[in-house]
Amino acid sequence: MRARDRCCVAPACRRTAHGAEIDHTREHAAGGPTVTSNLGAWCSHHHRAKHHARWRVRQPRPGWFTIRTRAGVTHTTRPKKILTALPGPRYAAGPRPIPEQHWPDPAPGEEPGTGPTWRDHLAATFAGRHPEREKEKEKTPKAPPPLDPDDPPPF
């Protein structure tokens, strides 16, 4: 019953049914059964108003309440839908671009996939060697030896 009502059954009341009081629509003393089709969740404020202001309450269907106040105003409340329909699909205006892979381009003359594999890279990492770094060291020119003032010029 709390899952059905989810909030107080009084019109425009948003207090949750979790903390609400459960009340018989047709009084238990008057022969009203204690079944979900005769029960409703009322917050303490509206529960007191129902009894002390002598509201007339009917429940024609489980969860649907017709409340008539002392002033003669009639309100009808019904439970909110638990499940709502999903929105329709929204199609894209055009195809989405393929994301960049951010892979380095192969060097000129080098075929893709001929470089070190991930296994070689992992083995080098554990061994403390890095083939890529060693290749870079080989490519960098070595600095010339420092000049000796006593050494004669080559010409």
Side-chain angles (χ1 to χ4, degrees), residues 1-140:
M1 189 270 321
R2 289 182 196 267
R4 176 196 71 196
D5 294 342
R6 293 195 302 188
C7 62
C8 177
V9 297
C13 185
R14 299 283 181 235
R15 293 190 180 124
T16 63
H18 178 71
E21 300 170 0
I22 297 174
D23 186 50
H24 288 83
T25 304
R26 185 171 163 221
E27 294 299 323
H28 188 266
T34 305
V35 293
T36 56
S37 59
N38 191 41
L39 297 174
W42 294 82
C43 69
S44 58
H45 172 77
H46 288 112
H47 193 195
R48 279 193 308 271
K50 176 187 174 218
H51 288 292
H52 295 298
R54 296 192 178 120
W55 287 358
R56 292 185 184 171
V57 180
R58 292 183 321 125
Q59 193 173 168
R61 292 174 32 190
W64 293 63
F65 291 87
T66 304
I67 304 164
R68 185 176 175 120
T69 64
R70 202 167 44 176
V73 178
T74 303
H75 300 280
T76 302
T77 63
R78 62 181 182 195
K80 295 178 185 175
K81 289 184 179 181
I82 292 175
L83 296 176
T84 57
L86 294 174
R90 294 185 305 168
Y91 298 104
R96 293 188 180 127
I98 297 174
E100 290 290 328
Q101 297 296 328
H102 299 291
W103 290 347
D105 291 333
E110 182 180 315
E111 291 288 324
T114 59
T117 63
W118 65 271
R119 285 189 178 105
D120 297 335
H121 183 70
L122 186 64
T125 302
F126 281 114
R129 297 181 313 112
H130 296 282
E132 293 88 8
R133 292 183 190 160
E134 290 174 5
K135 286 182 185 177
E136 289 175 9
K137 288 179 184 176
E138 292 172 3
K139 290 180 183 177
T140 56

Donor-acceptor pair, distance only, cut-off 3.5 Å: does the side chain of [X] make one with the backbone of [Y]?
X: R4; Y: T36; value: yes
X: D5; Y: A17; value: no
X: N38; Y: P33; value: yes

Could you tell me which non-hydrogen atom of [X] sits nearest to which non-hydrogen atom of [Y], and how far apart they are?
X: C8; Y: C13; value: CB-SG, 3.5 Å
X: W55; Y: H46; value: CH2-CD2, 3.9 Å
X: I67; Y: V9; value: CD1-O, 4.0 Å

Roughly how far, to the nearest 0.5 Å, is the [atom2] atom of [Y] from the [atom1] atom of [X]?
X: R2; Y: I22; atom1: CZ; atom2: CD1; answer: 4.0 Å
X: T69; Y: R54; atom1: OG1; atom2: CZ; answer: 14.0 Å
X: Q59; Y: R26; atom1: CD; atom2: CZ; answer: 12.5 Å
X: T25; Y: W42; atom1: OG1; atom2: CH2; answer: 7.5 Å
X: D23; Y: H28; atom1: CG; atom2: NE2; answer: 12.0 Å
X: R6; Y: R14; atom1: CZ; atom2: CZ; answer: 10.5 Å

Item to check | Residues which pass side-chain hydrogen bond (donor to acceptor under 3.5 Å, both in side chains) with T34, listed by chain and number, not counting sequence neighbours | outcome: H24
Checklist entry - Hey, does E21 have a side-chain heavy atom less than 4.5 Å from the side chain of R48? => result no
Item to check | P60 vs F65 side-chain heavy atoms within contact, under 4.5 Å | outcome: no
